[in-house]
Amino acid sequence: MAAAIGVRSDYTSGDLRQFTRRSGDPDQVRRLLAVALILDGWSRSEAAKVAGVTLQIVRDWVLRFNEGGPDGLATRKAPGRAAILNDEQRARLAAVVEAGPIPAAHGVVRWRLADLAQWVWDEFELSVTRHTLGRELRAMGYRKLSARPRHRGQKPDDIADFKKASPPVWRRSSGASGGTPIELWWQDEARIGQQTKLTRRWAKRGTRPSAPKDQRRSSAWLFGAICPAEGKAAGIVMPRCNSEAMSMHLEEIAFHVAPGAHAVLLLDQAGWHGSAELVVPPNITLMPIPPRCPELNPVENVWQFMRDNWLSNRIFKSYDDIVDHCCFAWNKLVDQPWRIMSIGLRQWAHGS
């Protein structure tokens with residue numbers, strides 16, 4: 001019969017019992033106590049009987065303890081099955097996901113797990129289920145996200161060039177001389193009507209929730225502007241969108257600009273924003289953003305937030321009802337300056 005394996009002597013049974021008091025792993029505690037009994041002079045058979053295991057298992061515990069000390073007796077995570085894809089194959093899969101499908105070649109306009117599984121088979125002759133491939137993609141950092149719209153005519157460098165060049169321009173804007181404080185405002189208009197959007201909502205899996213949808217077309221225009229750094233907002237509701245309505249909105253913005261400050265108002269290049277009939281208050285300088293670049297205007301995110309939370313999934317009885325709800329929603333936003341800051345602050349503009 002083979003001689004018993006010796007137990008390392010740099011730990012005493014008291015040391016091991018101290019470890020058990022700090023351990024949150026019950027299986028590790030059982031193993032440590034079994035080894036502590038052996039260090040106290042008990043036989044391996046007696047230690048196995050107390051631990052409720054076989055003599056061979058106690059032998060394995062002793063080997064693990066000799067190799068790694070108390071930490072060597074911690075419960076180990078099962079290694080599981082070997083990964084189906086290697087690093088090179090994952091890199092090629094990531095490149096395909098980033099590039100997106102070619103409709104003429106792949107027959108789809110967006111990747112589904114079934115399509116990617118077919119691509120893996122075509123490229124590597126590996127059969128992989130959708131669920132397994134989904135786990136692989138999540139482990140690689142991918143999630144299924146809604147795409148952000150981008151205008152088809154947008155030039156690639158317009159946004160980067162504007163972010164780089166605009167801060168020096170508004171610092172030199174009219175009225176900024178002599179240490180005049182500058183307030184950055186963004187402005188936009190939103191059409192709010194009886195045909196509201198249907199937003200996502202919580203529902204039981206496998207069901208499709210319903211929401212009211214109006215077929216009438218009465219609408220109003222909500223003119224909104226925010227100053228994210230100060231948490232301020234200025235808005236009006238008008239029946240139509242033209243130079244006269246824009247002039248009235250500029251007056252409303254000018255009223256909210258701090259006394260002695262000058263506002264740089266960033267806005268898109270709509271016709272009524274550059275009309276000769278437009279009346280611009282002296283404490284405001286208009287600064288148009290590049291065409292087809294709504295990503296530069298945080299008011300677009302304000303509209304999305306207001307529609308998702310306050311102005312969708314409902315029926316407006318009349319034009320006056322639309323105006324009342326627009327005023328309620330805008331005033332609710334004004335009462336939450338932290339919300340305006342959270343939605344509107346941009347690092348490229350505010351440096352934070």
Side-chain angles (χ1 to χ4, degrees), residues 1-99 111-145 202-207:
M1 184 174 179
I5 298 173
V7 182
R8 59 189 294 178
S9 59
D10 53 338
Y11 289 95
T12 66
S13 60
D15 294 334
L16 298 188
R17 290 186 173 89
Q18 288 289 337
F19 273 102
T20 63
R21 296 187 181 95
R22 298 193 299 268
S23 175
D25 181 354
D27 290 329
Q28 183 188 23
V29 169
R30 184 162 60 113
R31 297 172 191 132
L32 287 171
L33 290 176
V35 176
L37 291 177
I38 297 173
L39 291 174
D40 285 337
W42 290 41
S43 68
R44 308 292 171 94
S45 301
E46 293 172 329
K49 185 176 181 180
V50 170
V53 295
T54 64
L55 190 60
Q56 179 63 42
I57 292 177
V58 171
R59 180 179 181 276
D60 294 339
W61 289 352
V62 171
L63 290 174
R64 288 171 57 180
F65 176 72
N66 288 343
E67 180 181 356
D71 293 335
L73 294 177
T75 301
R76 299 170 181 173
K77 184 177 180 181
R81 293 178 59 186
I84 295 179
L85 301 178
N86 58 36
D87 292 341
E88 181 183 354
Q89 292 167 339
R90 288 194 190 95
R92 291 182 59 185
L93 176 61
V96 167
V97 173
E98 294 287 347
W111 286 126
R112 302 171 301 170
L113 289 175
D115 304 320
L116 291 172
Q118 182 63 45
W119 180 87
V120 170
W121 171 257
D122 294 338
E123 290 292 320
F124 310 127
E125 295 187 355
L126 292 175
S127 178
V128 57
T129 67
R130 292 183 297 110
H131 300 292
T132 301
L133 187 57
R135 287 196 298 270
E136 284 280 354
L137 289 172
R138 285 192 292 272
M140 294 162 59
Y142 288 98
R143 298 294 185 273
K144 198 171 184 179
L145 305 175
W202 289 104
K204 284 285 188 179
R205 193 172 186 177
T207 66

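Note: hydrogens, waters and symmetry copies are ignored here, and every other heavy atom, side chains too, is used.
Shown here for A47 and A34, the closest heavy-atom pair between the two residues is CB-O, 3.8 Å. Here the closest non-hydrogen pair linking V62 and G6 is CG1-O, 4.0 Å. Heavy atoms only, all atoms of each residue included: A117 and L133 are closest at N-CD2, 3.3 Å. In plain terms, the two heavy atoms of Y142 and V97 that are nearest each other are CE2-CG1, 3.8 Å. Heavy-atom minimum distance, Q28 versus P70: NE2-O, 3.0 Å. Of all heavy-atom pairs between L116 and W111, the closest is CD2-CD2, 3.6 Å.
Atom OG1 of residue T54 and atom CZ of residue R59 lie 11.5 Å apart, to the nearest 0.5 angstrom. Separation of atoms CD (Q118) and OG (S127) is listed at 9.5 Å; rounding is to 0.5 Å. Rounded to the nearest 0.5 angstrom, S23 OG and R30 CZ are separated by 12.5 Å. Once rounded to the nearest 0.5 Å, the distance linking CE of M140 with CG of L93 reads 4.5 Å. To the nearest 0.5 angstrom, I38 atom CD1 is 11.5 Å from S13 atom OG. In this structure, CZ in R31 is found 9.5 Å from CD1 in I57, a value given to the nearest 0.5 Å.
A distance-only check finds no donor-acceptor pair linking the side chain of D27 to the backbone of T75 [under 3.5 Å]. Between the side chain of R90 and the main chain of L85, a donor-acceptor pair closer than 3.5 Å is present. Of the possible polar contacts, one joining the R8 side chain to the F65 backbone as a donor-acceptor pair under 3.5 Å is found. Not a single donor-acceptor pair under 3.5 Å links the side chain of R138 to the backbone N or O of R143. Here the side chain of Q89 pairs a donor or acceptor atom with the backbone of N86 at under 3.5 angstrom. Between the side chain of D15 and the backbone N or O of T12 there is at least one donor-acceptor pair closer than 3.5 Å. A distance-only check finds a donor-acceptor pair linking the side chain of D115 to the backbone of R112 [under 3.5 Å]. Judged purely by atom type and a 3.5 angstrom limit, R64 uses its side chain to pair as donor or acceptor with the backbone of A74.
Other residues, nucleotides and ligands contribute only 12 or fewer heavy atoms inside 6.0 Å of the CH2 atom of W42.
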### Message
side-chain contact (heavy atoms from CB on, under 4.5 Å), that's the test. Do L137 and L113 meet it? Break it down for me.
### Response
CA-CA 9 Å; L137 289 172; L113 289 175; 3.6 Å; yes
### Task
Start with the C-alpha distance between Q18 and Y11, add both sets of side-chain angles, then the distance that settles side-chain contact (heavy atoms from CB on, under 4.5 Å), and finish with yes or no.
CA-CA 11 Å; Q18 288 289 337; Y11 289 95; over 6 Å; no
### Task
Evaluate the criterion side-chain contact (heavy atoms from CB on, under 4.5 Å) for residue pair V7 and R44; output intermediate values, then yes/no.
CA-CA 11 Å; V7 182; R44 308 292 171 94; 3.8 Å; yes
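Side-chain contact check for V53 versus W61: some heavy-atom pair is nearer than 4.5 Å.
Using modelled atom types, one finds no donor on one side chain facing an acceptor on the other under 3.5 Å when comparing T20 with R17.
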